[in-house]
Engineer: 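Have a look at this one.
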There are 2 protein chains.
Amino acid sequence: MPSSQGAQPADKTPETRQLILQVAQRLFMEQGYRPVSTRHIAAACGITQPALYRHFATKQDIYVAMLMEMLALLHGRLEHLVGRHESVPTRLHLVARMLPATWIDARQMFHDIEHELDEPHRQTTANAFRQQVIAPIASLFAEGMAQGLLRSPDQGGLNATEATFLLFRLLDDHGTPGSRDRSSLQHADRMVDILLHGLIQQRDGDT
Amino acid sequence: MPSSQGAQPADKTPETRQLILQVAQRLFMEQGYRPVSTRHIAAACGITQPALYRHFATKQDIYVAMLMEMLALLHGRLEHLVGRHESVPTRLHLVARMLPATWIDARQMFHDIEHELDEPHRQTTANAFRQQVIAPIASLFAEGMAQGLLRSPDQGGLNATEATFLLFRLLDDHGTPGSRDRSSLQHADRMVDILLHGLIQQRDGDT
DNA sequence: CCTACCGATCGGTAGG
DNA sequence: CCTACCGATCGGTAGG
């Protein structure tokens, strides 16, 4: 009996892990955490469900590992945009235009992190999100405040981190009617414009 | 055999239905749709789970009935505030201050409506929400545009419905750090102020 | 990497 | 309004 070490046609493959993460990303981003069962992921990978557990200890670990890859990708793009030699508003527009393409559905993701992960996994993802995504964007807002361009908290504005979370809420247009035919680039530009200038009519012409 | 009509100590009670809705509202608003099982609701009401089905055909029906009561309450308060003789910005502040108290967690509710209800129930709730909540607030934005106070879509602004959804997204501060010690009234005022004037520094002093 | 299976939980029904 | 129970699905494990 000691001939069964587990060496089928494709066992312990190191690339299967990447396939799982790829498939999991697509499914989790489309449907959220709960509705995507470990059996769904396995089937989409062409393996059985228990085989998943040779690469990840729990379903939560699959989700977190996938999220980490997404955050790393996003971080690279953010650093690139934030470091450009452009005005703060211009760079805010660039960031806002890039985010929805990489991000897909931030609202769903926040919901899953809050409600489906246990405390350790929640801590891990929250920290990574803060460092890789929030921090770069917040530095942009901070720069605008240092220049006197943006209102600081004591001038009726927000601190840099609050402003960043607000930007995320603005960009999230799921459930808004008419969001289908509007291009996401137009929407991003519009939201940044309103965030900067507000809805009140500017008086540079007449009324 | 026609002696079993079902008449235990407390059967078919008409007030049990109200108790169920009351309990369901508390649980659903605290935890969301999925985690609150029909057994939880029944236990909190002091009855068994199958007894629920004497008052509601499905779990979704409980949720929708509860939502309808909340929307009706909210509608009354909105009509009252919107009809006041105050400026549009003042009434927007009043509405923004009232919403979080009645609403609790709009993000969770939207998520549940989208992901946990089937198409008929989703339609029902979406229509009620649009008519009882969105419409009154949108009329306020429309009034502001008619006065030339707020930017219309062709002036870089939003139409009244889009502006209303945006207001909801602004008021939703779940997950924002520091949202614990900030009073919800302060937060509401701040968000309306930013929605109206933006984050750009106004030049009415120097700089 | 597989087959087989566990314990738990769910919404809902049968039958009285 | 109750007891008892159904069929389905879930995450995860045993054992090879």
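Letters A, B, ... mirror the listed sequences (proteins, then strands); counts begin at 1. Remember, it's a predicted structure, so these values are computed and weren't measured experimentally. When reading the values below, keep in mind they use all heavy atoms of this one structure, side chains included, and skip hydrogens, waters and symmetry mates.
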Engineer: Is any side-chain heavy atom of B:Met109 closer than 4.5 Å to one of B:Met70?
Structural biologist: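 Yes; the side chains approach each other to less than 4.5 Å.
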Engineer: Return the set of residues passing salt bridge (Lys or Arg N to Asp or Glu O under 4.0 Å) with B:Arg122 (not counting sequence neighbours), or none when no residue passes.
Structural biologist: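 Partners of B:Arg122 by the salt bridge (Lys or Arg N to Asp or Glu O under 4.0 Å) criterion, ordered by chain and then number, come out as B:Glu119.
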Engineer: Dot-bracket, DNA chain C: Watson-Crick or G-U, under 3.5 angstrom, [ ] crossing, | other strand?
Structural biologist: ||||||||||||||||
Engineer: Can you pull the salt bridge (Lys or Arg N to Asp or Glu O under 4.0 Å) pairs that have at least one residue in residues 21-39 of chain A, sequence neighbours excluded?
Structural biologist: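 Listed once each, the pairs are A:Arg34-A:Glu116.
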Engineer: Show each protein N/O and nucleotides 6-11 of chain D N/O combination with a separation under 3.5 Å, one pair to a line.
Structural biologist:
{"unit_1": "D:dG11", "atom_1": "OP1", "unit_2": "A:Lys59", "atom_2": "NZ", "d": "2.7"}
{"unit_1": "D:dG11", "atom_1": "OP2", "unit_2": "A:Thr38", "atom_2": "N", "d": "3.0"}
{"unit_1": "D:dG11", "atom_1": "OP2", "unit_2": "A:Thr38", "atom_2": "OG1", "d": "3.0"}
{"unit_1": "D:dG11", "atom_1": "N7", "unit_2": "A:Arg39", "atom_2": "NH1", "d": "2.9"}
{"unit_1": "D:dG11", "atom_1": "O6", "unit_2": "A:Arg39", "atom_2": "NH2", "d": "3.1"}

Engineer: What is the distance, rounded to the nearest whole Å, between atom CG of A:Leu52 and atom P of D:dT13?
Structural biologist: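 From A:Leu52 CG to D:dT13 P: 13 Å.
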Engineer: Under the rule for ring-ring contact (aromatic ring centres under 6.0 Å, His included), what residues qualify as partners of B:Phe56, not counting sequence neighbours?
Structural biologist: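 Here no residue qualifies.
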Engineer: I'd like to check the side-chain hydrogen bond (donor to acceptor under 3.5 Å, both in side chains) partners of B:Thr38; sequence neighbours left out, ordered by chain and number.
Structural biologist: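 With sequence neighbours excluded, B:Thr38 shows a side-chain hydrogen bond (donor to acceptor under 3.5 Å, both in side chains) to B:Gln49, given in chain and number order.
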Engineer: Check ring-ring contact (aromatic ring centres under 6.0 Å, His included) between B:His115 and all other residues, then give those that pass, not counting sequence neighbours.
Structural biologist: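 Per chain and number, B:His115 pairs via ring-ring contact (aromatic ring centres under 6.0 Å, His included) with B:His111.
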Engineer: Can you pull out every salt bridge (Lys or Arg N to Asp or Glu O under 4.0 Å) where at least one residue sits in residues 135-144 of chain B? Sequence neighbours excluded, please.
Structural biologist: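 Listed by first then second residue: B:Arg91-B:Glu143.
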Engineer: Please list all pairs meeting salt bridge (Lys or Arg N to Asp or Glu O under 4.0 Å) that have one or both residues in residues 62-72 of chain B, counting only residues at least two apart or in different chains.
Structural biologist: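 Pairs touching residues 62-72 of chain B that pass the test: none.
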